[in-house]
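To start, the structure itself, in structure tokens.
Computed over heavy atoms, backbone and side chain alike; hydrogens, waters and symmetry mates excluded.
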Amino acid sequence: MASPGAQQLKQLKPLYQHVVNNFVAVLAAPVAVAAAITAARVGPDELLARLHSLRAAHVFLAVFVPAAAATLYLMLRPRSVYLVDYACFRTKPNCRVPFSTFLEHAKLVTFVEGASIDERSVRFMTRLLERSGLGEETCLPPAHHYIPPYRNMEASRAEVELVIFSAIDDLLAKTGINPAAIDILVVNCSLFAPVPSFTDMIIHRYGMRRDVRNVHLSGMGCSAGLISVGLARNLLQVAPRGAHALVVSTETITPNYYVGKERAMLLPNCLFRMGGAALLLSTSRAKARFRLARVVRTLTGAQDSAYRCVFQEEDGEGHRGINLSKDLMTIAGDALKANITAIGPLVLPASEQLLFAMSFIARRVFGGGKFKPYLPDFRTAFEHFCIHAGGRAVIDELQRSLGLSDQDVEASRMALHRFGNTSSSSVWYELAYIEAKGRMRRGDRVWMIGFGSGFKCNSAAWECIAPPRSAEGPWEDSICRYPVDIPEVLKH
């Protein structure tokens, strides 16, 4: 239980935040009152006489220089980038994999010639699923419902076309934009990079212009969606004003089913599921729903442990898969701290920055043992949090590290339960959850956090301009059932 002194400080914190965050207004008010009193005492005739006594040069400097400086600032500052709208792939009922189906399928794969997965591996995956936080409605691509699973090029392309074309079709229907009006196309998919590329597939499908600037990012991990947003933002800075950028984020599951028995490589089989998102960015505010405030990227790949903590490789028997290091959560925590250090000064109010600075100075002067490091309250900077649904442990760690409430991470837990780990698109399913619940308001700020191989931690900050007009989207048929209670160990 908190001491009486701590409770009093907690009660005074709102007053402290109001004074510090509005310091300019607090300081300006008495100055303005003093100026008004002085002007009243002097009188209008004396004021006019003093104005006439000013030299022309003084008037020129007082008027022209500020105007020139303001004009120069407006010309050189980066253009604002807006999110016109977004759409997520809506999973199909015939692709659902309840636990019983997943485990029965895994048991049957043990009899497939060439597969090394055994009964012990199936028991291990059973324990993982029971503690994963996933629900019974997550989906795998059609190719994974066969025995053995299809992992060929044709099946992989079929999954790509199903996911990204469905998401883009929904986005075009929501925004009403003609594909020919799109100037920039950025697609990210880490583990499948065919020839022609994803961007070529989209350009061909929708008949886009010949001069559309297009980039396909691969190998960037689950944080690649926010990297794509940052890249599209930079390309929009040099495009004509009012240009549009289409960003597509997905991960192809079909070619990456692991049939070996290395435990560190079996985890992705249990967590990763179908998903994808398409979003339309523009430098025009017309019809925009969000403004992109910040994109901050942090890379820790110079360290060997961070570089190899998410690593695609072949096991001793030649089966390819993703090896997840046991140190993953520690490395993710370090990357998060670096990202917080970078984004904190850009988004936190002055009251939180001052407390953090005072804590830092006190620890340096008096020693770290006497004072605990101050953890900034990011809830003063954001109303909503979209944390990459990489797994229950990832969400738990970020909730603890950032001091967030259960409601703050509800969207992440429910997205993991309903859709699984959809890689780089997971943050968009979480944003869709918040909006489907009717919690988004004009002016609300959203913090998206993504983690990925390399190892990377990336952030994007958004400000809501217009809440959604309806609850249409990936949660349309299930939002009434959420939130749900997720037990520590699921019995099935």
Side-chain angles (χ1 to χ4, degrees), residues 82-96 137-139 141-142 157-182 184-189 198-199 201-208 212 214 225 228-229 232 244-253 273-282 286-290 386 389 411 414-415 418-420 422-438 440 446 448 462 464-480 482:
Y82 302 94
L83 173 65
V84 180
D85 217 328
Y86 67 98
C88 298
F89 169 68
R90 306 187 193 195
T91 52
K92 311 299 180 184
N94 63 319
C95 293
R96 290 178 180 173
E137 296 182 279
T138 62
C139 295
R157 284 184 182 275
E159 180 193 347
V160 172
E161 293 175 357
L162 172 64
V163 173
I164 65 175
F165 292 163
S166 298
I168 294 173
D169 287 345
D170 284 351
L171 179 66
L172 296 179
K174 290 173 73 173
T175 60
I177 190 173
N178 190 318
I182 294 172
I184 297 165
L185 173 62
V186 181
V187 182
N188 66 269
C189 179
F198 280 29
T199 55
M201 295 166 64
I202 294 171
I203 292 169
H204 177 261
R205 165 76 177 229
Y206 294 97
M208 293 182 177
V212 62
N214 62 95
S228 296
V229 169
H244 292 88
L246 173 63
V247 177
V248 181
S249 296
T250 189
E251 190 56 80
T252 307
I253 308 297
R273 296 293 187 265
M274 288 179 75
L279 41 146
L280 185 66
L281 301 177
S282 177
K287 299 182 180 179
R289 296 200 46 236
F290 289 86
C386 297
M414 297 307 111
R418 173 62 182 85
F419 297 101
T422 58
S423 189
S424 58
S425 64
S426 67
V427 291
W428 297 103
Y429 285 93
E430 294 161 23
L431 182 61
Y433 177 87
I434 295 168
E435 296 199 311
K437 279 293 182 183
M440 190 65 67
V446 183
M448 291 183 173
W462 303 86
C464 179
I465 297 174
R469 299 183 182 88
S470 67
E472 291 183 4
W475 294 91
E476 186 175 4
D477 60 349
S478 58
I479 192 63
C480 59
Y482 283 86

Any residue meeting salt bridge (charged side-chain N to carboxylate O under 4.0 Å, His left out) with R90, in chain and number order, not counting sequence neighbours: D170, E476
For the side chain of S166 and the backbone of L162, is there at least one donor-acceptor N/O pair under 3.5 Å apart? yes
Inter-residue atom distance M414.CE - I479.CD1, 0.5 Å rounding: 10.0 Å
Got S425 and T250 here, is their nearest side-chain heavy-atom distance under 4.5 Å? no
Please enumerate all residues that pass side-chain contact (heavy atoms from CB on, under 4.5 Å) together with A167, with sequence neighbours excluded. A278
With sequence neighbours left out, write down each residue that passes side-chain hydrogen bond (donor to acceptor under 3.5 Å, both in side chains) with T199, or none if nothing qualifies. S197, N214
Counting only N and O atoms by type, is there a donor-acceptor contact under 3.5 Å from the side chain of E159 to the main-chain atoms of I253? yes
Does the W475 side chain pair with the main chain of A415, one donor and one acceptor, at a distance under 3.5 Å? no
For T138, check side-chain contact (heavy atoms from CB on, under 4.5 Å) against everything at least two apart and list the hits. V97, L134, R273
Solution key, residues 464-473 side-chain donor-acceptor pairs under 3.5 Å, sequence neighbours excluded:
none

Identify the heavy atoms of S249 and S424 that sit nearest to each other, and give their distance. CB-OG, 3.5 Å
All heavy atoms of P474 vs all of C88, minimum pair found to be CG-CB, 3.7 Å
Under the side-chain contact (heavy atoms from CB on, under 4.5 Å) test, residues paired with S282 that sit two or more places apart: V84, H244, S284
Looking at every heavy atom in both M274 and T91, which two are closest together, and how far apart are they? O-CG2, 4.3 Å
If you round to the nearest 0.5 Å, how far is CG of L185 from CD1 of I202? 5.0 Å
Close side-chain approach of V187 and I164, heavy atoms under 4.5 Å: no
Could you tell me which residues satisfy side-chain hydrogen bond (donor to acceptor under 3.5 Å, both in side chains) with S423, sequence neighbours excluded, listed by chain and number? none
What residues, two or more places apart in sequence or in another chain, satisfy ring-ring contact (aromatic ring centres under 6.0 Å, His included) together with Y82? none
May I ask you to check if R418 and Y482 form a cation-pi contact, with NZ or CZ under 6.0 angstrom from the six-membered ring centre and within 45° of the axis? no
Closest heavy-atom pair, A232 versus A245, reported as atoms and distance to 0.1 Å, is CB-CB, 4.1 Å
Looking at residues at least two apart in the chain, or sitting in another chain, which of them share a side-chain contact (heavy atoms from CB on, under 4.5 Å) with D85? L171, K174, T175, R289
Residues that D169 engages under side-chain hydrogen bond (donor to acceptor under 3.5 Å, both in side chains), provided they are two or more places apart: Y206
In short, L279 meets L83 closest at the heavy-atom pair CB-CD1, 3.7 Å
Does a sphere of radius 6.0 Å around NZ in K287 hold more than 12 heavy atoms from other residues, nucleotides or ligands, not counting ones at 6.0 Å or beyond? no
Decide yes or no for L431 and W462: does some side-chain heavy atom of the first lie under 4.5 Å from some side-chain heavy atom of the second? no
Using the ring-ring contact (aromatic ring centres under 6.0 Å, His included) criterion, which residues pair with Y86? Sequence neighbours excluded. W428
I need the L280 CG to I182 CD1 distance, nearest 0.5 Å. 6.0 Å
Could you tell me which non-hydrogen atom of C386 sits nearest to which non-hydrogen atom of I434, and how far apart they are? SG-CD1, 3.9 Å
Could you work out, with ring-ring contact (aromatic ring centres under 6.0 Å, His included) as the rule, every residue matching F89, not counting sequence neighbours? none
Audit row: T422, Y429, side-chain contact (heavy atoms from CB on, under 4.5 Å) steps and yes/no: CA-CA 9 Å; T422 58; Y429 285 93; 3.7 Å; yes
Between L281 and the options V247, L246, V186, the side-chain contact (heavy atoms from CB on, under 4.5 Å) test singles out V247
Distance col, row C95:SG vs E137:CD, nearest 0.5 angstrom, shows 13.5 Å
